[in-house]
Amino acid sequence: MADRRIDPSHDEITAPAALPRPGGIAARARAASAPAYLEGLNAEQRRAVETIDGPVLVLAGAGTGKTRVLTTRLAHILTLGLARPGQILAVTFTNKAAREMRERIGGLIGESVEGMPWLGTFHSICVKILRRHAEAVGLKRDFTILDTDDQIRLMKQVIQAADLDDKRWPARQLAAYIDGWKNRGLTPDKVPSGDAYAFAGQGDELYKAYQARLKTLNAVDFGDLLLEVIRLFRENQDVLADFQSRFRYMLVDEYQDTNVAQYLWLRLLAQRPEGAGPPNICCVGDDDQSIYGWRGAEVDNILRFEKDFPGAVVIRLEQNYRSTSNILDAASHLIAHNEGRLGKTLHTQGDAGDKVTVTCAWDSEEEARLIGEEIEQLQRRGESLDDMAILVRASFQMREFEDRFVTLGLPYRVIGGPRFYERAEIRDAIAYLRATLQPADDLAFERIVNTPRRGIGDATVRTIHDVARARGIPMMQAALELTESEELKPRARSSLRALLDSFARWRGQLDALPQAELAAIILEESGYTEMWQRDRSADAPGRLENLKELLRSMEEFESMLGFLEHISLVMDSDAGGDEEKVSLMTLHAAKGLEFGTVFLPGWEEGLFPHQRSLDENGRAGLEEERRLAYVGLTRAKRRAALFFATNRRIHGLWQSTASSRFLDELPESNVEVVDTGSLRTSPSGYGHSRFDSREPFGSTYSTPGWQRAQRNKDRAAVRNPWNEPPLIEGEVLARSTGAESGYAVGERVFHQKFGYGRVSAVDGNKLTIAFEHSGSKRVLDSFVERH
DNA sequence: TCGGTTGAGTTTTTT
DNA sequence: ACTCAACCGA
């Protein structure tokens, strides 16, 4: 990869006014008076900030000050007056990142520049564009955005309408397919035939039907936000041209996480007419931290950047400011096992620090105990709990730690997990608001029509539904007409009548009352609040609390509509107390964070790397797991402690496990295998039993996992073939990918576990098979036979 | 309308 | 093994 060095005259081109030649007194004067925000940047960072013309790819390794560079770059463009805030497109992946960037830019250039309107997530920017041009893609301006839950309910209806058994063909699965297609930018007519065949042989038909339903509901799902804007751009050159010229500078964060649809979206915006010069697009990312392939991210986008944007300048940020060299070297050595990297060599000027530790535990319980003890020890030494984190591969691992911490009385916080707006009570409340504001919102209406119970059962709902479908009117209107006929039972009829009256009344108050006040009235009068007040279950008080929080956060918005808009895209719960706590989260959730001490439990084959990742994606899956390991290690500033257990309960069964191959891939000079004996003598008093009782049979060090770890200390040791870790299925897959299977699409096959089915797609030796009784699955060809 | 039973799924998760 | 959702019977 050839870095194109910066042209020395570059500064002059981009600076607002012509400046004297570099090297002279004036240049020195200019350097001295360089804006304060440039101070303290290293050479590469500064280059990344100042190279503002043309395509730039910034490869920002872990801990190299990426966010700082990004925000400084934006501040720089604004300060030089090269663009007004409204002419800069800055895309992030999460709302959190967008918020952070906004705050930091504000901090750099003062409050003088008002917020940038086009700084946000792909999705929020798309909403903004779509609201302006909704009609052009067949939507009304006030279209609703469905979340995953709505999507699945809608798909269920579509599946049922197609006369399919929604048991055998679960809506969730269809949702996954459609999501995948949308991630790849595929509209129903573009779905490849193999894929289309996948879901009961009518994947594309159902996709089409689903899209049609969305249009009649005046709704879009998350994927559509991107796709509809792409369609808008493609079909309306003038609209596209307008945005192309508007965005003089484009900036994309976490470029390694973009999917095909997002890529297409960017490509459209970055297109420049013949002879107009290259676009000023800057993509920032780290191919080594691409960990979202499973949800459609294409690392390829970043690997291909220079091809997509000829003449691109590639800048590598390799100076790490976060970790000690032991941690950094361990991580670098590990990630070097991946192929197809752009390649970076991180270095640090910091101390060597402690070595990365590897500890073997007998089982997951002991693992949690050891980590708990170590945390307490650090705490006694005066380290803050806020500066410690446990990063797990899968969320089920968290429970063991939570149990342990509760026992110890150790305060902890779980990061991630279900979001605020995903909770049932919040979604119900929002459904009430949506139904009030948008009478045509069938999904919202259906959700709360019988919540709380008001005697409008399934039968009634189905009647309403049928009438609405038959006449092509919204359900609420259908319901209204039904209450005026004799079709419904008196009881259902009267309570439906009452509900509709209420909605009409609330709607009448929309302009008269502040939204939060009206919302409170709606929740009160509908009996929703009362429902939870009467609920005697343990979580009812919490739910009421959440509802209050919802009302509180509503006050900050101009209107109810504005609030609904916000909540469908944003709304994350940042409920953090001020007490010091240990953080507990998945490795995925940890990206972008850093901690003094990081505990990484569960480094075992099958768990990490995860079996399913290997099974489904072979070598690519393994590499993504390895990147995940890399992300985990590089979160640590001073200490990284790895653990593996020789026994773990998986789906209820105790299994003995082999230590992760990733442990073998660490450089021995930076790793220390910990003698658990020293930890055992700590006066904890808890849960020694299992460990101690095993003592007479020999120490922990006789376990296979431990011995394996020991052998790693001496890499010269010859491994007996029978001592190799058990061959993992995915490994075979990884090795043999590329070998064509002898099967063809459409062939009928038999599988031991899933029965009969038809091959719907062939990918090397991986087959996608639509089974007659178990839906569609991906399996290895060796597991099926022709029939 | 509730509650017990049955069955399916059990990696990662944003928007 | 365990959880959670959907379903069926009282």
Side-chain angles (χ1 to χ4, degrees), chain A residues 91-98 120-127 145-153 156 166-168 170-173 175-176 179 182-183 220-227 253-254 257-259 261-262 290-297 391-399 415-419 421-422 424 450-458 491 535 537 565-572 585-592 602 606-617 621 624-625 627-629 631-632 648-655 730 773-775 777:
Chain A
V91 198
T92 62
F93 267 80
T94 63
N95 292 298
K96 196 175 151 215
T121 61
F122 276 103
H123 298 268
S124 66
I125 289 168
C126 284
V127 172
I145 301 159
L146 303 190
D147 58 32
T148 325
D149 216 73
D150 292 325
Q151 270 181 62
I152 288 176
R153 283 192 298 145
K156 200 164 184 173
D166 63 344
K167 272 273 181 49
R168 195 181 303 168
R172 301 191 53 83
Q173 204 186 355
D179 236 39
K182 289 188 174 177
N183 282 338
V220 293
D221 62 21
F222 284 120
D224 284 338
L225 290 174
L226 263 302
L227 282 193
D253 192 13
E254 307 281 11
D257 287 338
T258 47
N259 61 35
Q262 289 159 338
S290 160
I291 54 175
Y292 286 107
W294 52 273
R295 65 177 199 210
L391 312 182
V392 298
R393 175 63 183 82
S395 40
F396 75 82
Q397 290 172 265
M398 291 197 203
R399 229 187 97 174
I415 297 185
R419 313 235 156 277
Y421 70 92
E422 277 166 8
N450 200 30
T451 310
R453 300 252 139 79
R454 44 173 76 93
I456 304 172
D458 282 354
R491 190 173 134 69
D535 194 308
S537 62
E565 176 88 318
H566 174 82
I567 204 159
S568 62
L569 283 175
V570 194
M571 200 72 202
D572 31 24
M585 69 192 95
T586 63
L587 286 159
H588 285 90
K591 194 162 99 168
L607 175 61
F608 192 31
H610 200 281
Q611 189 60 54
R612 236 170 113 169
S613 192
L614 302 181
D615 287 350
E616 289 173 8
N617 296 301
E624 181 153 312
E625 295 286 305
R627 290 194 290 269
L628 204 46
V631 167
R648 190 175 292 274
R649 206 164 44 179
I650 299 163
H651 306 333
L653 294 170
W654 280 99
Q655 310 211 307
H773 298 286
S774 6
K777 311 235 186 276

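These numbers come from the heavy atoms of this one structure, side chains and all, not from hydrogens, waters or symmetry mates. First the proteins, then the strands, lettered A, B, ... as listed; each starts at 1.
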Any [X] side-chain nitrogen or oxygen under 4.0 Å from OP1 or OP2 of [N]:
X      : N      : value
A/N95  : B/dT15 : yes
A/R612 : B/dT11 : yes
A/S395 : B/dT11 : no

Practice task
Compare the ring of A/W294 with the six-membered ring in the base of B/dT12 and state whether they stack (centres under 5.5 Å, planes under 30°).
Solution key: yes

Exercise for the section: Return the stacking result for B/dT12 and A/H588: yes when the ring centres lie under 5.5 Å apart and the planes under 30°, no otherwise. Expected result: no

Options [options], nucleotide nearest the side-chain atoms of [X]:
X      : options                : result
A/R399 : C/dC2, B/dT14, B/dT11  : C/dC2
A/E625 : B/dT11, B/dT15, C/dA1  : B/dT11
A/K156 : B/dT15, C/dA6, B/dT12  : C/dA6
A/T148 : B/dT13, B/dT15, B/dT12 : B/dT15
A/R393 : B/dT11, B/dT13, C/dC2  : B/dT11
A/H123 : B/dT13, B/dT15, B/dT12 : B/dT15

Handout entry: Pairwise distance CZ(A/R172) to OG1(A/T148) - rounded to 0.5 angstrom
Key = 9.0 Å

Separation of [N] [atom2] from [X] [atom1] (nearest whole Å):
X      : N      : atom1 : atom2 : result
A/R153 : C/dA6  : CZ    : C1'   : 15 Å
A/D257 : B/dT14 : CG    : C1'   : 10 Å
A/I145 : B/dT14 : CD1   : C1'   : 14 Å
A/F396 : B/dG9  : CZ    : P     : 18 Å
A/F93  : B/dT15 : CZ    : P     : 11 Å
A/N617 : B/dT11 : CG    : P     : 14 Å
A/Q173 : B/dG9  : CD    : C1'   : 12 Å
A/D149 : C/dA5  : CG    : C1'   : 13 Å

Practice task
Nearest-nucleotide wise, let me know which of A/F222 and A/I291 is further upstream toward the 5' end of DNA chain B.
Solution key: A/I291

Can you give me the N/O atom pairs linking the protein to nucleotides 1-6 of chain B at distances under 3.5 Å, or say none if there are none?
unit_1	atom_1	unit_2	atom_2	d
B/dC2	OP2	A/R453	NH1	3.0

Fill in the blank from the handout: Given the options A/L226, A/N259, A/V127, A/F122 meets side chain to side chain contact (heavy atoms under 4.5 Å, CB included) only with A/L226

Problem - Presence of salt bridge, A/R612 and A/D615, under 4.0 angstrom - result: no

Problem - NZ/NE/NH1/NH2 to OD/OE distance under 4.0 Å, A/D179 and A/R295 - result: no

Problem - Centroid separation A/H588 to A/W294 less than 6.0 Å - result: yes

Problem - A/R454 to A/R491 - nearest heavy-atom pair and separation - result: C-NH2, 4.4 Å

